Amino acid sequence: MNSDQVRAIAHELGFGAVGIGPSVPKRPEAHQAWIEAGCHGEMSWMETHRDVASDPDLVLPGAIRAICVLDRYPGVEPEEVPDRFGRIARYARGKDYHVHTLKRLREFGERLMSSYPGGAFRACVDTVPLLERDLASSAGLGRIGKHTLLIEPGKGSWAVLGVLLTTLPFEMDSPLIEDPCGTCTRCIEACPTDAITPWEVDARRCISYLTLEHRSAIPLPFHEGMGDWLAGCDICQEVCPHNQPTTARSKTPKAEALMPTKMGFDLLEVLGWSEEDRRDAFSGSALKRVKFDAIRRNALILLTNKACEGDSVARKILEEQLCTIESDEQAPDLLRQTAEMCRSRMV
Ligand code: SF4
Ligand code: SF4
């Protein structure tokens, strides 16, 4: 089945790239082993729905192709980080891709459905635990690097992925064969929490997971490595040679909805937020599911990092914050436990 129309529609809908591959991932056993080892941490839904990752039939009965798309967002730009400030990962600096990419992917499916009424389509953007990177790699969009992210040749890894499963036998693209990494180990060396072994990231050590998905207290050994990352972490992408700014990369079209509006937040502001403030601050953003206590937990750790680096203003504010939490019997356990660990770093 000719795929020209698929490409034309993807282009009209503004996706940065499209590729068609098999619906079954190439390395499901690696994912199963990763879960067996507990590397998914507290993301219990991954364990509950682990079969879905290897069997797309559970998502769309009869699925035989994965039409993979990506939306690029701006990557490394020189940025001046204000004092006592928490950065957020670049994919979350614009509008929520879960909404904007998914909406267009659904439209993609509807338009194909009207041309091919016998087919079925299902749009997935982090909505079901598919192995999107694996599928995108098989669909020829790029290759997975040692940091486990998809690297597009000449464009890098600053992109979010979406998958449109279908029961129709569209002509497939060829996967790329070139290894993007070779002898490079920059991401492994730069990761502040040693989360990366080649082609595998232990979520339990990854700042992105710890700041966004981990609901409990963040273990003390990872606090310092969080640096100024309030929500997410881009370090392994920042250092990757495929992501260094070049004229060609800066001219590569980006998804309008993912253009950044915010680099992060003032830590004091975050520590003073009410639940309503958090909702307002994260409204329309991919961070909207980050819990109130979790973001305050992160801010407290980052402020401690600043204090430990010799920022006397941070130290003074931190002392006040710790005393307030310690004397408040109503303070949530998460904050009390975090405050205790932060206190231990101040002696
Ligand atoms: S996102 Fe940060 S913590 Fe996670 S693997 Fe990359 S560099 Fe390490
Ligand atoms: S930093 Fe080097 S090893 Fe890591 S993904 Fe990029 S090219 Fe591969």
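Note: hydrogens, waters and symmetry copies are ignored here, and every other heavy atom, side chains too, is used. Positions are given from 1 along the sequence. Ligands are counted one by one from 1 in listed order, and the atoms in each one are counted from 1 as well. In this text, all values refer to a predicted model and were calculated from it rather than measured experimentally.
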Under 4.0 Å from any heavy atom of C181, which atoms of ligand 2 are there? 3 (S), 5 (S), 7 (S), 8 (Fe)
Is any side-chain heavy atom of I295 closer than 4.5 Å to a side-chain heavy atom of F265? no
Heteroatom test (N, O or S) for C187 near atom 4 (Fe) of ligand 2, limit 2.8 Å: yes
Give the atoms of ligand 1, by number and element, whose distance to some non-hydrogen atom of I196 is under 4.0 Å. 5 (S)
Using a strict cut-off of 4.0 Å, indicate which atoms of ligand 2 neighbour a heavy atom of R186. 1 (S)
In terms of ring plane angle, is the pair Y91 and Y97 parallel, tilted or perpendicular, where the classes change at 30° and 60°? perpendicular
With a cut-off of 4.0 Å, which atoms of ligand 1 are near a heavy atom of T193? 3 (S)
For a quick check under 3.5 Å, do D277 and S274 share a side-chain donor-acceptor pair by atom type? yes
What atoms in ligand 1 come closer than 4.0 Å to a heavy atom of I235? 7 (S)
Which residue holds the protein heavy atom closest to atom 4 (Fe) of ligand 1, what is that atom called, and what is the gap in Å? C206 SG, 2.4 Å
Mind checking whether D173 and L141 have side chains closer than 4.5 Å, heavy atoms only? no
Taking atom 2 (Fe) of ligand 1 as the reference point, the nearest protein heavy atom with its distance: C233 SG, 2.3 Å
As a quick check of understanding, evaluate salt bridge (charged side-chain N to carboxylate O under 4.0 Å, His left out) for E340 and R345, giving each step before the final call. CA-CA 9 Å; E340 198 179 318; R345 297 178 65 200; over 6 Å; no
Flag C240 as yes if one of its N/O/S atoms falls below 2.8 Å of atom 6 (Fe) of ligand 2, otherwise no. yes
In ligand 2, the atoms that come under 4.0 Å of a heavy atom of P180 are 7 (S)
Of the listed options (E189, H242, H147), which comes nearest to atom 5 (S) of ligand 2 when hydrogens are ignored and any heavy atom counts? H147
State, with a plain yes or no, whether a side-chain heavy atom of P241 is found less than 4.5 Å away from one of C184. yes
Close aromatic pair by centroid cut-off 6.0 Å: F222 and Y209: no
Hey, what's the ring geometry for H40 with W34, parallel, tilted or perpendicular (30° and 60° as the breaks)? tilted
Ligand 2 atoms in contact with C184 (distance to a heavy atom under 4.0 Å): 1 (S), 2 (Fe), 3 (S), 7 (S)
Examine the proximity of ligand 2 to S157 and report which part, side chain or backbone, both or neither, has a heavy atom under 4.0 Å away. neither
The answer for which part of I207 has a heavy atom under 4.0 Å from ligand 1 is both
Restricting to N/O/S atoms, is C236 within less than 2.8 Å of atom 6 (Fe) of ligand 1 or not? yes
So which heavy atom in the protein is nearest atom 8 (Fe) of ligand 1, and how far is it from that ligand atom? C191 SG, 2.3 Å
Can you name the one residue among H100, R104, K254 that meets side chain to side chain donor-acceptor pair (under 3.5 Å) with D71? R104
Identified side chain to side chain donor-acceptor pair (under 3.5 Å) partner of S216 from the options R297, E42, Q337: E42
